[in-house]
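These notes are about the structure you will find just below.
The sequence lines fix the lettering, A, B, ..., with proteins before strands; numbering per chain opens at 1.
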Protein chains: 2
Amino acid sequence: MVNLESFCYNHLMKKDTREALLDSAFNTFYKHGFQGANIATILNDVGINKGSMYHFFKSKKALGLAVIEERIERNLVNKYAPIKSVEELFDVLCSAPKTLSYGCPLNKMSQEMIYIDTDFQKLLSTTYGKFETLVQIILERDGVENSELKAKQIIATYEGALMIYHLNRQEEEFVQVLRELEQNIFKVVD
Amino acid sequence: MVNLESFCYNHLMKKDTREALLDSAFNTFYKHGFQGANIATILNDVGINKGSMYHFFKSKKALGLAVIEERIERNLVNKYAPIKSVEELFDVLCSAPKTLSYGCPLNKMSQEMIYIDTDFQKLLSTTYGKFETLVQIILERDGVENSELKAKQIIATYEGALMIYHLNRQEEEFVQVLRELEQNIFKVVD
DNA sequence: TTTTCACTTGACTAAAAGGTCAAGGAAGGA
DNA sequence: TCCTTCCTTGACCTTTTAGTCAAGTGAAAA
């Protein structure tokens with residue numbers, strides 16, 4: 001018995017065209033920025049034609065918004081939801097230089113788009129809120145007080161340090177700044 | 001006696017065309033990003049023609065690099081060089097939401113360009129280094145120990161918090177995160 | 001007065017970009 | 001077997017964009 005879906009004419013399983021499009025668009029936007037990205041590049045990468053993309057997304061903008069909702073946000077949840085302790089959180093944060101080749105996707109997209117398009121602004125703002133909540137939950141589960149402010153502190157330092165890392169490529173500095181924060185926040189003043 | 005320079009045919013003092021171009025380019029790149037920015041917009045804003053711009057800058061890229069060197073960097077020096085104490089430093093940092101309409105120009109340009117063009121990358125990296133030095137000097141003059149790490153901490157938190165501010169537009173949160181850092185860094189553990 | 005140089009004009013080019021569309025293929029239900 | 005729906009093709013359109021260039025202007029030096 002043959003899986004019919006695997007015999008699609010463009011060697012892609014039908015339902016996967018949209019997904020492949022989102023994957024490639026995410027990568028392309030991540031590296032080149034939304035405005036700098038070229039639709040032809042994405043299409044070429046996926047191996048499909050224009051009309052096929054415009055069947056799923058009515059415009060480049062729609063594709064961009066979908067990338068935020070279905071990739072950037074999903075990646076954040078996949079990464080932060082399973083974290084069980086503050087210690088583990090900082091370990092994950094410290095690993096960012098190894099996994100995030102071009103900086104923080106959310107930060108990058110935000111810097112570029114929030115003052116250019118209000119739909120992007122709204123969606124990015126919402127997505128950031130979810131990120132903050134994910135971090136806050138980790139802190140609260142570990143009994144940390146004042147979790148909202150501390151979540152903001154952690155994310156702010158992380159985002160800024162990651163930017164500096166991408167300018168200097170000094171991983172040690174990046175880790176040092178985060179570890180310092182970890183100690184400062186959770187040090188007990190006797 | 002009339003100032004001859006003020007009788008230029010395009011109602012601009014000659015020497016000022018380049019400067020006006022840099023001003024407008026800075027603003028346009030700041031809001032729209034380098035790639036998203038449109039040269040025609042800048043020319044229209046300044047009130048000159050293409051050839052005039054290409055007389056001073058051989059390409060859009062050259063204009064972009066000049067904006068970094070002659071505006072972004074200059075603004076940083078103008079802003080941070082006169083600061084005389086750590087206290088004053090934090091006051092200036094806290095005022096960012098009032099002065100930086102579209103985020104940190106250096107951060108924004110960096111996020112967009114460092115992985116797209118190595119000339120931008122080098123220049124932005126150098127410029128960031130100068131920023132860090134400016135902050136470090138303030139700390140050292142105030143007798144703060146471990147000034148290099150602390151400068152990085154301050155800048156990282158500031159940059160990240162500023163990004164969050166631009167997503168949420170909650171100025172209080174922004175100030176709170178920075179004030180918290182100020183206390184944490186300089187609190188004496190008895 | 002003449003020459004020179006820095007700067008400006010504005011039309012032009014070529015390429016790239018996002019987006020459209022009519023036609024066609026595959027699969028599945030009737 | 002036929003019809004409908006979903007998806008794909010690839011050529012085409014339109015607009016935008018960075019960049020070019022020959023010709024011209026005015027100020028200042030010679």
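- Taking only side-chain nitrogens and oxygens, A:H55 never comes nearer than 4.0 Å to OP1 or OP2 of D:dT8.
- Taking atom CG of residue B:L43 and atom P of nucleotide C:dC7, one finds them 17 Å apart after rounding to whole Å.
- Nucleotide C:dT20 holds its P atom 15 Å from the CZ atom of A:F57, rounded to whole Å.
- The distance between atom CG of A:D16 and atom C1' of D:dC7, rounded to the nearest whole Å, is 14 Å.
- B:F26 is linked by a side-chain contact (heavy atoms from CB on, under 4.5 Å) to B:Y30, B:V67, B:R71, B:I72, B:N75, B:P105, counting only residues two or more places apart in sequence or in another chain.
- Using the six-membered ring where Trp is involved, A:F131 and A:Y158 have ring planes that are perpendicular, over 60° apart on the 30 and 60° scheme.
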Note to self: Applying side chain to side chain contact (heavy atoms under 4.5 Å, CB included) to A:I185 and A:V86, what does each step give before you reach the verdict?
What the structure shows: CA-CA 11 Å; A:I185 284 191; A:V86 173; over 6 Å; no
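- Within the 3.5 Å criterion, the main-chain N or O of A:L43 finds no donor-acceptor partner in the side chain of A:K50.
- Atom CD of B:E19 and atom C1' of C:dC7 are 16 Å apart (whole Å).
- Of all nucleotides listed (D:dT8, C:dT8, D:dG10), D:dG10 comes nearest to the side chain of A:N49.
- The two residues A:R141 and A:K84 have their closest heavy-atom pair at NH2-CA, 4.2 Å.
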Listing time: all N or O pairs from protein to nucleotides 15-18 of chain D that are below 3.5 Å?
{"from": "D:dT17", "atom 1": "OP1", "to": "B:N38", "atom 2": "ND2", "distance (Å)": "2.7"}
{"from": "D:dT17", "atom 1": "OP2", "to": "B:N38", "atom 2": "ND2", "distance (Å)": "2.4"}
{"from": "D:dT17", "atom 1": "O5'", "to": "B:N38", "atom 2": "ND2", "distance (Å)": "3.3"}
{"from": "D:dA18", "atom 1": "OP1", "to": "B:A37", "atom 2": "O", "distance (Å)": "3.1"}
{"from": "D:dA18", "atom 1": "OP1", "to": "B:K60", "atom 2": "NZ", "distance (Å)": "3.2"}
{"from": "D:dA18", "atom 1": "OP2", "to": "B:I39", "atom 2": "N", "distance (Å)": "3.1"}
{"from": "D:dA18", "atom 1": "N7", "to": "B:K50", "atom 2": "NZ", "distance (Å)": "3.0"}

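- Nucleotide D:dC6 holds its P atom 18 Å from the CG atom of A:L21, rounded to whole Å.
- Following rounding to the nearest Å, B:M53 (CE) and D:dC21 (P) show an atom-to-atom distance of 15 Å.
- For the pair B:I48 CD1 and C:dT8 P, the computed distance is 7 Å after rounding to whole Å.
- Residues B:L65 and B:L123 approach most closely at O-CD2, 3.4 Å, considering heavy atoms.
- Remark: P of C:dG19 and CD1 of A:I42 are 11 Å apart, rounded to the nearest angstrom.
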